[in-house]
Visitor: 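Below is the structure I would like to discuss, written out as structure tokens.
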Amino acid sequence: MGQIVLLISGAITIYSYALIVYIFMSWLPGARESQFGMFLGRICEPYLEQFRKFIPPLGMIDISPIVAILVLHMARVGIFELVRMIGM
């Protein structure tokens, strides 16, 4: 069970980093149109769209990615706490 929790935690961490890279790519002209940018868009946009439905941009600033990353972090911590409470 511990190996599965570590695997899930690692996947959440990697996905969080992918989101951060995808967000920073918006600052670089043409970065999201690269092959790597399009790949990140395919894996990141479906998740980010769920937050953009409820959190509108504030002018030119979109804070939904920040909330999305915080939700991932809370899920990761929640998994560890659940396993700790169960005692595994």
Side-chain angles (χ1 to χ4, degrees):
M1 181 71 165
Q3 295 291 340
I4 294 172
V5 171
L6 289 177
L7 182 66
I8 291 171
S9 173
I12 290 172
T13 301
I14 290 169
Y15 192 70
S16 297
Y17 287 136
L19 285 171
I20 292 168
V21 169
Y22 184 68
I23 292 163
F24 283 133
M25 287 179 87
S26 69
W27 295 0
L28 304 172
R32 285 191 178 176
E33 287 76 34
S34 68
Q35 263 190 324
F36 182 65
M38 287 189 285
F39 169 73
L40 284 180
R42 283 193 303 270
I43 63 170
C44 294
E45 277 300 326
Y47 180 68
L48 291 173
E49 280 299 316
Q50 301 304 314
F51 294 92
R52 288 186 183 128
K53 289 178 186 175
F54 301 104
I55 305 169
L58 302 171
M60 300 254 329
I61 299 173
D62 184 12
I63 63 167
S64 60
I66 297 168
V67 175
I69 292 170
L70 286 174
V71 167
L72 280 177
H73 177 71
M74 287 188 296
R76 184 173 172 263
V77 170
I79 290 170
F80 279 121
E81 284 298 314
L82 183 63
V83 170
R84 186 183 64 81
M85 286 173 48
I86 293 173
M88 295 186 168

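As the structure is a prediction and not an experimental result, all values here were calculated from the model. Hydrogens, waters and symmetry mates are skipped; everything else that's a heavy atom, side chains included, is used. One-based numbering along the sequence shown.
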Visitor: According to a hydrophobic-cluster definition based on side-chain heavy atoms being under 4.5 Å apart (Ile, Leu, Val, Met, Phe, Trp, Tyr only), do Val77 and Ile8 belong together?
Guide: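 Val77 does not cluster with Ile8.
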Visitor: Using the ring-ring contact (aromatic ring centres under 6.0 Å, His included) criterion, which residues pair with Phe24? Sequence neighbours excluded.
Guide: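 By the ring-ring contact (aromatic ring centres under 6.0 Å, His included) rule, Phe24 matches Trp27.
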Visitor: What residues form a side chain to side chain donor-acceptor pair (under 3.5 Å) with Arg32, not counting sequence neighbours?
Guide: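 Residues passing side chain to side chain donor-acceptor pair (under 3.5 Å) with Arg32: none at all.
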Visitor: Please list every donor-acceptor pair under 3.5 Å in which a side-chain atom of residues 62-71 meets a protein atom from a residue at least two apart or in another chain.
Guide:
residue : atom : partner : partner atom : Å
Asp62   : OD1  : Ser64   : N            : 3.2
Asp62   : OD1  : Ser64   : OG           : 2.7
Asp62   : OD2  : Arg52   : NE           : 3.0
Asp62   : OD2  : Ser64   : OG           : 3.2

Visitor: What pairs of residues pass the salt bridge (charged side-chain N to carboxylate O under 4.0 Å, His left out) test when at least one of them lies in residues 12-31, not counting sequence neighbours?
Guide: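 Those involving residues 12-31 do not exist here.
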Visitor: Who passes side chain to side chain donor-acceptor pair (under 3.5 Å) against Tyr15, sequence neighbours left out?
Guide: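 Counting only residues at least two positions away or on another chain, Tyr15 forms no side chain to side chain donor-acceptor pair (under 3.5 Å).
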Visitor: Please round to the nearest 0.5 Å and tell me the distance separating atom CD1 of Ile12 and atom CG of Leu7.
Guide: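 Going from the CD1 atom of Ile12 to the CG atom of Leu7 covers 10.0 Å.
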Visitor: Using a 6.0 Å cut-off, check whether atom CZ of Phe80 has over 12 heavy atoms from anything other than its own residue.
Guide: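 Yes, CZ of Phe80 has more than 12 neighbouring heavy atoms, counting only those of other groups under 6.0 Å.
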Visitor: Considering all heavy atoms of both residues, which atom of Gly37 and which atom of Tyr22 are nearest to each other, and what is their separation?
Guide: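 Here Gly37 and Tyr22 meet closest at O-CE1, 3.9 Å.
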Visitor: Mind checking what makes side-chain contact (heavy atoms from CB on, under 4.5 Å) contact with Phe36, not counting sequence neighbours?
Guide: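 If we apply the side-chain contact (heavy atoms from CB on, under 4.5 Å) test to Phe36, skipping adjacent residues, the hits are Val21, Met25, Ser34, Leu40.
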Visitor: When hydrophobic residues are tied together by side-chain contacts of less than 4.5 Å, even through go-betweens, does Met74 share a cluster with Ile79?
Guide: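 Yes: a chain of side-chain contacts under 4.5 Å links Met74 to Ile79.
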Visitor: Who are the salt bridge (charged side-chain N to carboxylate O under 4.0 Å, His left out) partners of Glu81, not counting sequence neighbours?
Guide: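 Only Arg84 meet the salt bridge (charged side-chain N to carboxylate O under 4.0 Å, His left out) criterion with Glu81.
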Visitor: Keeping to residues at least two apart or across chains, list the side chain to side chain donor-acceptor pair (under 3.5 Å) pairs with something in residues 66-79.
Guide: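 Non-adjacent pairs meeting side chain to side chain donor-acceptor pair (under 3.5 Å): Ser9-Arg76, Thr13-Arg76.
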Visitor: Once you round to the nearest 0.5 Å, how far does CG of Leu72 lie from OH of Tyr47?
Guide: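 OH of Tyr47 is found 3.5 Å from CG of Leu72.
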Visitor: May I ask whether Leu58 and Phe51 are part of the same hydrophobic cluster, defined by side-chain heavy atoms of I, L, V, M, F, W, Y residues being less than 4.5 angstrom apart, directly or through others?
Guide: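 Yes.
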Visitor: Are more than 12 heavy atoms from other residues, nucleotides or ligands located less than 6.0 Å from atom CD1 of Ile61?
Guide: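 12 or below, so no.
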Visitor: Which salt bridge (charged side-chain N to carboxylate O under 4.0 Å, His left out) pairs, counting each pair once, include a residue from residues 5-19, with sequence neighbours left out?
Guide: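 Salt bridge (charged side-chain N to carboxylate O under 4.0 Å, His left out) check on residues 5-19 returns no pairs.
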Visitor: So which heavy atom on Pro46 is nearest to which on Gly41, and how close?
Guide: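 Minimum heavy-atom contact is CD-O, 3.9 Å.
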Visitor: Show me the pairs that pass salt bridge (charged side-chain N to carboxylate O under 4.0 Å, His left out) and involve residues 13-31, at least two apart or across chains.
Guide: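 Residue pairs passing salt bridge (charged side-chain N to carboxylate O under 4.0 Å, His left out), neighbours aside: none found.
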